[in-house]
Amino acid sequence: MKEFAFSRASRLRLEKEFEAVFAAGKKTVTRELVAWHTRGGGKEKKIGLMVSKKTGGAVERNRLKRLLREAFRLTRKELKEGIRLIIYPKAGCAVKNLAQARQELETLRQKARLDNDGKEERS
RNA sequence: GACCGCGGAUGGAGGGCCGCUCUUCCGCGCAAGCGGGGGGGAGGAACUUCCGAACUUCACAGGGCAGGGUGCCGGUUCAAAGCCGUUCAGCGGCCAUAGGCCGGGAGGCGGGGGCUACAUCCCCCGUCGACGGACAGCGCCACAGAGAACAUACCGCCCCGCAAGGGGUAAGGGUGAAAAGGUGCGGUAAGAGCGCACCGCGCGCCGGGCGACCGGCGCGGCAGGGCAAGCCCCUCCUGAAGCAAGGCCAAAAUUGCGCCUGGAUAGCCCGUCCGUCCCCCUCCGGGGGGAGGCGCAGAGUGGGCCGCAAUAGAUAAAUGGUCCUCCAGGUCCCGCAAGGGGCUGGACAGAAUUCGGGGUACAGUCCGCGGUCUGAA
RNA sequence: GCGGGCGUAGUUCAAUGGUAGAACACUAGCCUUCCAAGCUUGUUAUGUGGGUUCGAUUCCCAUCGCCCGCU
């Protein structure tokens with residue numbers, strides 16, 4: 001498994017998976033993001049993104065999702081194994097580029113204490 | 001030449017690294033999948049969902065009603081879809097009373113000109129429009145005004161009367177978006193299509209035009225307000241819903257039917273040993289019911305596949321992120337200038353069954369048309 | 001993807017085609033030692049652009065924004 005790969009296994013894809021995170025997970029809120037997170041089985045770290053229509057048009061929403069997905073992809077090894085994470089940018093989210101996306105994700109990681117606890121999954 | 005408006009075209013280029021999706025080939029793996037190589041991967045509007053077509057399911061003898069839509073005339077334009085024909089790929093034909101485009105006709109509004117002047121009328125220019133019907137019926141026309149829809153008489157004018165008042169009248173004034181067509185002459189007590197001429201209006205005939213309509217002649221003294229993007233009447237069109245259409249596969253649980261009843265030994269069978277759930281009946285052989293297991297069937301949930309790809313084909317939904325170079329463009333600095341350098345920097349917007357048309361958004365560049373200002377001749 | 005609906009003061013709502021109102025809020029004044037309450041007064045709006053009409057919040061068309069429903 002390559003370090004920066006982002007295949008379907010890294011995404012939450014089913015209604016059930018989302019429901020499970022909402023039901024069992026904790027909610028953490030930062031300046032720009034709302035996140036639900038829990039630990040599931042296996043080592044795979046999965047992310048799901050929700051962007052409200054109030055954020056803007058399709059172009060803007062896609063851009064936001066791509067930036068957050070890219071930030072997750074690049075900093076994934078910092079996260080706990082088996083993490084299930086749902087990220088929901090608040091309406092009027094100020095994230096406009098990759099640096100801000102990474103910054104927000106790091107803030108979230110620290111606030112929710114989702115750092116990898118040492119058992120490095122060295123590829 | 002500058003600026004503005006409208007219409008059209010175009011919708012930055014190349015590369016490195018890390019990723020996504022589809023497809024194909026190779027290798028590994030029981031499989032899920034993993035690794036590697038090749039190839040494809042947003043738009044003129046993909047936006048909007050305003051029209052129409054294909055496609056799908058349901059409904060359907062025939063006719064009508066209701067409902068929805070449509071509305072001057074002529075020409076033209078139509079699909080990488082679909083259907084038909086022919087054919088090797090290709091060609092031809094059919095289908096859109098929706099829309100688009102071009103031209104025309106009556107009409108409204110604004111401006112200019114003409115008939116000496118006003119009004120009407122005529123001509124020209126610009127502009128607007130869903131442009132059948134107001135003697136089929138119903139409804140509504142606020143305020144103002146005397147009167148607003150089988151009209152009316154305030155100030156007036158005329159006659160009678162000393163006056164009060166009575167009668168005639170609809171020219172003039174005034175109100176209004178709209179008040180028994182307009183101008184002139186005659187006529188009259190004063191007036192009035194009361195009479196006449198011209199214009200307007202209605203009807204008929206003739207002529208022109210494919211047609212909407214237009215022109216001419218004759219007749220009628222003039223009927224009668226506006227609104228149908230109010231209800232409505234007439235013409236013509238119209239079965240309904242939409243890919244969340246629709247079709248298929250099919251866990252778990254449930255329902256029905258059938259069969260069977262556990263464990264150890266063992267690769268399997270026989271055999272042997274231990275055990276044999278609950279309730280009822282019993283002639284002690286057994287029978288019935290429940291529970292459990294297995295199989296089959298029905299329906300079809302979660303889920304999946306098809307629909308869904310003639311150069312994208314996903315399904316929490318790919319087509320990206322970042323860096324470098326160049327090219328437009330903007331701005332600042334140096335320079336008399338040519339030029340040089342720094343910083344910045346590319347709009348509107350992203351497929352979800354497909355196709356055609358309309359509408360709307362749009363940086364910069366280019367082209368065309370129009371307007372305003374300025375300059376030269 | 002499809003089908004419906006709604007846009008009126010700062011807010012919540014009215015208005016047969018005929019001067020756009022009400023409540024709360026806000027401004028000013030009165031009252032009170034002051035505040036609140038009360039009384040009086042005033043300001044503010046038809047999403048935008050066209051069309052029909054003498055006249056449009058209302059009718060029609062386009063556009064923009066918002067809301068709801070359908071697996």
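What you are looking at is a predicted structure, and each value in this text was computed from that prediction instead of being measured. Within every chain, numbering begins at 1; the chains are lettered A, B, ... in the order of the sequence lines, protein sequences first and strands thereafter. All heavy atoms count here, side chains included; hydrogens, waters and symmetry mates do not.
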Quote, to the nearest angstrom, the [atom1] distance that separates [N] from [M].
N        : M        : atom1 : result
rC47(B)  : rA349(B) : C1'   : 7 Å
rA42(B)  : rG340(B) : P     : 37 Å
rA317(B) : rA328(B) : P     : 41 Å

Can you tell me whether the base of [N] sits syn or anti, using the 90° cut around 0 to define syn?
N        : value
rG55(C)  : anti
rG44(B)  : syn
rG108(B) : anti
rA42(B)  : syn

Summarise protein proximity over nucleotides 317-322 of chain B in one line of letters, 5' to 3': B for base, S for sugar-phosphate only, - for none, counting protein heavy atoms closer than 4.0 Å. S-SBS-
Just by distance, no angles: are the side chains of S10(A) and R76(A) close enough, under 3.5 Å, to form a donor-acceptor pair?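 Yes - a donor-acceptor pair under 3.5 Å links their side chains.
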Do the side-chain N and O atoms of E104(A) and T30(A) include a donor-acceptor pair separated by under 3.5 angstrom? yes
Any residue meeting side-chain hydrogen bond (donor to acceptor under 3.5 Å, both in side chains) with E17(A), in chain and number order, not counting sequence neighbours: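 Counting only residues at least two positions away or on another chain, E17(A) forms a side-chain hydrogen bond (donor to acceptor under 3.5 Å, both in side chains) with K46(A).
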Using a 4.0 Å cut-off on heavy atoms, which residues in residues 52-61 of chain A reach RNA chain B? List them by number, or say none.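 RNA chain B contact set from residues 52-61 of chain A: A58(A), V59(A).
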Would you jot down, in residue-number order, the residues of residues 22-31 of chain A having a non-hydrogen atom under 4.0 Å from RNA chain B?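 Per residue number, the list is empty: none.
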Base partner of rC143(B), which must satisfy Watson-Crick or wobble distances under 3.5 Å: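 The answer is none; no pair meets the criterion.
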Measure the distance from CD on E19(A) to C1' on rG302(B) and round it to the nearest whole Å.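 In whole Å, rG302(B) C1' and E19(A) CD are 13 Å from each other.
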In whole angstrom, give the distance that lies between atom OH of Y88(A) and atom C1' of rA316(B).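 Atom OH in Y88(A) sits about 14 Å away from atom C1' in rA316(B).
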Listed partners of K96(A) passing side chain to side chain contact (heavy atoms under 4.5 Å, CB included), at least two apart: Q100(A)
Is it true that R63(A) and E60(A) have a side-chain N and a carboxylate O under 4.0 angstrom from each other?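 Looking at E60(A) together with R63(A), the answer is no, because their closest N to O distance does not fall below 4.0 Å.
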With W36(A), which of K26(A), K27(A), R84(A) fulfils side-chain contact (heavy atoms from CB on, under 4.5 Å)?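 The option that passes is K27(A).
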Verify stack between F18(A) ring and rA316(B) base, 5.5 Å, 30 degrees: yes
Let's test your reading of the pairing rules: Watson-Crick or G-U wobble, both distances under 3.5 Å, then write RNA chain C as a dot-bracket string with ( ), [ ], | and dots. (((((((..((((....[..)))).(.(((.......))).)....(((((..]....)))))))))))).
